[in-house]
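Just so we're on the same page: letters track the sequence lines, and every chain starts at 1.
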There are 2 protein chains.
Amino acid sequence: MLRVSRSDSAYHHGNLGPALEDAALDLMRTQGHTSLSLREVARRAGVSHNAPYHHFGDRTGLLKRVSERSMAELVSAMRAAQASAEDASPRERAVRVGGAYVGYAAEHPERFRVVYDPEVCVPGSPTPTMAPLITEIEGILAETTAALLPPGAEAALMPLTVAVWGSVHGLAELVVAGHITQDDVEPALVALLDPGSSARLAP
Amino acid sequence: MLRVSRSDSAYHHGNLGPALEDAALDLMRTQGHTSLSLREVARRAGVSHNAPYHHFGDRTGLLKRVSERSMAELVSAMRAAQASAEDASPRERAVRVGGAYVGYAAEHPERFRVVYDPEVCVPGSPTPTMAPLITEIEGILAETTAALLPPGAEAALMPLTVAVWGSVHGLAELVVAGHITQDDVEPALVALLDPGSSARLAP
DNA sequence: TCACCGATATGGACAGTGTCTAGATTCTGG
DNA sequence: CCAGAATCTAGACACTGTCCATATCGGTGA
């Protein structure tokens, strides 16, 4: 077992915090984070049922940490998509970035779900680690959205950014909940960003 | 206390099922459905901790029932908005229907959340009561979306309907999670449905 | 009318959980 | 080298979901 500590004693684990997080993430592959048991996590890590308390305070503390790591992964996926679509058209890039968002949710539904659980993360008072991640998501979406706007429409950036966030987030939730398939997502995003779709009537 | 039974005996409640649902809905005004306790619900209704089992089978059974009632309320709100915007423009109507969706979520966050909890409702095998409600939501959204399409673009109806569902659902979730305010929703929907917003580049 | 049966409600029991307190062990800085 | 901080363990408590056996009620057929 990997140890940060130099001692071979079994009493102190040496790297328990991350080990517990890993165990939790592993358990969340097969069960929802709502039914995740602190004691089972401790059992997985081979440690007493109370050891987690010295690292996370309480159950929500562990979930907060897990949601931070998940949010970081989500941001990475979006940044990667943004970079890989650097030379594509703004609309193509928006579809790719949105696809990355939904793709992460589809691949790790429970990690995605814990990130947006109001009982875990309250955006009004986010964790020091979580706050910049939220800012970065908003930034990526704003950049992606800005490229879609016609010149002179900069005033619409903020509301449209919110709309884009809502769209990809909603599609992700619908996929996770099982109401739509991941195959439905790209056509939906394309249709949404097609200016012809909703152009029937004048304002 | 309201009794369906004619007897005044306290042994049989007479109308326990709905009474338990009401108690659960009431508790969910102040606590999440994930931390909702079957025993507390029973206590609220003034019955033994085991009485709920004869009506719902298990905890998830009660949550399923609660989510059915909540989904019915959500559908009603959308139908009402659709009717009240009968004479408005398609875009105005879409904003109103979407606003009703988000409004319900903002007003009853926990009822909204339980409806889309994958551990409660699995769309693949929905409850007999839930199935038509899901169909009706999709129908309302399809009607609202169809009116937005230019003539000859009927092929885009399905993907755009999915996109609209995703958009309003995502905005609702973001409001519930606290990432945006309800005041952000209408501008976002307007921006999203404005054909000028995303018209910068040709396909 | 009345005995019976299914539906409804009760109580006790059990394993599992989150969290508190107290105590044991190891690490570390002066 | 040693005292205090950090880490981990053990025991206890209240609470939970669920199973089982039991009690009560309402209606139905003889």
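When rounded to the nearest whole Å, the span between CD of Gln31(A) and P of dT17(C) equals 10 Å. Here dT17(C) presents its P atom at 11 Å from CG of Leu27(A), a figure rounded to the nearest Å. Residue Arg44(A) contributes atom CZ, which lies 16 Å from atom P of dG16(C) at whole-angstrom precision. To the nearest angstrom, P of dA15(C) lies 17 Å from CD of Glu40(A). The interatomic distance linking His13(B) (NE2) with dA23(D) (C1') rounds to 19 Å, in whole Å. Residue Leu16(B) contributes atom CG, which lies 12 Å from atom C1' of dT10(C) at whole-angstrom precision. The nearest whole Å value for the distance from the CG atom in Leu38(B) to the P atom in dT16(D) is 10 Å.
Taking 3.5 Å as the limit, the base of dG17(D) and the side chain of Arg39(B) contain a donor-acceptor pair of atoms between them.
For residues 47-56 of chain B, proximity to DNA chain C is found at Val47(B), Ser48(B), His49(B), Asn50(B), Ala51(B), His54(B), His55(B), defined as any non-hydrogen atom under 4.0 angstrom from a strand atom.
A sub-4.0 Å separation between OP1 or OP2 of dG18(C) and a side-chain N or O of Ser37(A) is present.
By the 4.0 Å N-to-carboxylate-O rule, Arg93(B) lies too far from Glu86(B) to be salt-bridged with it. Classification of Arg69(A) and Glu73(A) as a salt-bridged pair fails, no side-chain N sitting under 4.0 Å from a carboxylate O.
Put simply, CZ on Arg65(B) and OG on Ser70(B) are 9.5 Å apart, with the number rounded to the nearest 0.5 Å.
Ring centers of His169(B) and Phe112(B): under 6.0 Å apart, within the cut-off.
Here Arg59(A) pairs with Leu36(A), Leu38(A), Leu63(A) under the side-chain contact (heavy atoms from CB on, under 4.5 Å) rule; sequence neighbours left out.
Residue contacts for Leu62(A): at a heavy-atom cut-off of 4.0 Å it reaches no nucleic acid atom on any strand shown.
Residues Leu157(B) and Glu154(B) are not in side-chain contact: their nearest non-hydrogen atoms beyond the backbone lie 4.5 Å or more apart.
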